[in-house]
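Structure first, commentary second.
Below, chains carry the letters A, B, ... as their sequence lines are ordered, and counting in each starts from 1.
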2 protein chains.
Amino acid sequence: MTTQDRLIETTRELLWERGYVGTSPKAIQQRAGVGQGSMYHHFTGKPDLAATALRRTAEQLRAGAGQLLAGPGTAYRRIEAYLLAERDVLRGCPIGGMTQDPEVVADPALRGPVQETFAWLGGRLAAVVAEGQAAGEFTADADPADLAAAVAAIVQGGYALARAAGSPEPFHQAVRGALALLRAR
Amino acid sequence: MTTQDRLIETTRELLWERGYVGTSPKAIQQRAGVGQGSMYHHFTGKPDLAATALRRTAEQLRAGAGQLLAGPGTAYRRIEAYLLAERDVLRGCPIGGMTQDPEVVADPALRGPVQETFAWLGGRLAAVVAEGQAAGEFTADADPADLAAAVAAIVQGGYALARAAGSPEPFHQAVRGALALLRAR
DNA sequence: GTCTATAATAGGATAGAC
DNA sequence: GTCTATCCTATTATAGAC
């Protein structure tokens, strides 16, 4: 792995663990085992490095979710697969967590990957819901985009509840609740 | 308003706007218009002041939600009232947002008010759901605690989606989706 | 109670040697 | 490309005067 790559991977970890404000260049350099000079040689500064790291994280998240949602099975089964995917619940979402940081939200380069990820996810989920409605699997009296947003919110909100409780259980409750509601359609 | 109160109110604002890591004692003092000495006279330090501020915010949040959930009307109407309550969506939740900060999660004095708020909210929502099931308003095939967690997660997740998008719309989509699902019970 | 020093450490970056 | 040295500001307090 190149020095540049180590910087990116280390930044991805730290952003996930400590958020953007909580991640200092010094901490990145120390964990990556490189001096200051290297970091500023490859990146213009912390925002540049963080944006690069976030783009990579967003890519991987989309790849994972894309697989689950494109899989075989009914619409319900695919949404279920997405909701039941294995997650390190107490670590939270490496993309969604960024929305809490005002500096991320304020900087287009940082918010970009986050915004695009959720826009993409909403679109994919809505497409699956629409397929389910077309197949008569779900009643067609709700906007697919609304149900898609609800499913995405369950995951993001589940993380928040779990971290508040110090336990993954509230996340799983929320998912079970959402699946129970979806089955009733 | 006393100096102590101004410090608490200012800290509540800053915690909401910038989170715990992003809120410095100096910023609190400047916005409150008091010197360093005053802050350290009334509070042992930033964690103490922040914990006091969070307890007050938690109280107000519970008071507001409690009113909506205890109101008249069917279980569905009360949950609807909670979900449709007016919110400054792009500001996020002043309590739920704290879960993103590792220092808050790690400090029992800081996580306490957050944990208690969601524990209380989950209990209240579950009670309303249970009433709805008892009244035949909802089918009784789902655990009230699961549906309660789902409702709470919709709100918290809705904030995250909205801030990612830079628009309140995804929050409202998620709420509409959740209400559509609840109506089908 | 409140204020103004003062201080040790961290944050974020630049300069220049190698 | 990578490193160390240096710089300025912010952070989070403590000390002591008023």
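- Of the side-chain N and O atoms in A:Thr3, one or more sit less than 4.0 angstrom from OP1 or OP2 of D:dT2.
- Counting heavy-atom neighbours within 6.0 Å of B:Glu169 CD, excluding the residue itself, gives a total above 12.
- With rounding to whole Å, B:Leu7 atom CG is found 15 Å from D:dT12 atom P.
- Figure legend: B:Lys46 and B:Tyr20 shown as a cation-pi pair, the cationic atom lying under 6.0 angstrom from the six-membered ring centre and within 45 degrees of its axis.
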Could you give the side-chain donor-acceptor pairs of residues 108-115 of chain B under 3.5 Å, partners two or more places apart or in another chain?
unit_1   : atom_1 : unit_2   : atom_2 : d
B:Arg111 : NE     : B:Gln115 : OE1    : 3.4
B:Arg111 : NH2    : B:Gln115 : OE1    : 3.1
B:Gln115 : NE2    : A:Ala165 : O      : 3.4

Within the sub-3.5 Å range, which N or O atoms of nucleotides 10-14 of chain C have a protein N or O partner, and how far apart are they?
unit_1 : atom_1 : unit_2  : atom_2 : d
C:dG11 : OP2    : A:Ser24 : OG     : 3.4
C:dG12 : OP1    : A:Lys46 : NZ     : 3.2
C:dA13 : OP2    : A:Tyr40 : OH     : 3.2
C:dA13 : OP2    : A:Lys46 : N      : 3.2
C:dA13 : N6     : A:Gln36 : NE2    : 2.4

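- Paired with B:Arg176 under the rule salt bridge (charged side-chain N to carboxylate O under 4.0 Å, His left out), one option of A:Asp143, A:Asp141, A:Asp146 passes, and it is A:Asp146.
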Steps toward side chain to side chain contact (heavy atoms under 4.5 Å, CB included) verdict (B:Arg77, B:Thr74): CA-CA 5 Å; B:Arg77 284 293 177 197; B:Thr74 63; 3.2 Å; yes
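- Under the side-chain contact (heavy atoms from CB on, under 4.5 Å) criterion, B:Ala142 pairs with A:Ala180, B:Leu147, B:Arg185, not counting sequence neighbours.
- Between the CD atom of A:Gln4 and the C1' atom of D:dG1 there is a distance of 11 Å, rounded to whole Å.
- The NE2 atom of A:His41 sits 19 Å away from the P atom of C:dC18 (whole-angstrom rounding).
- D:dT11 atom P lies 15 Å from atom CG of B:Leu49, rounded to whole Å.
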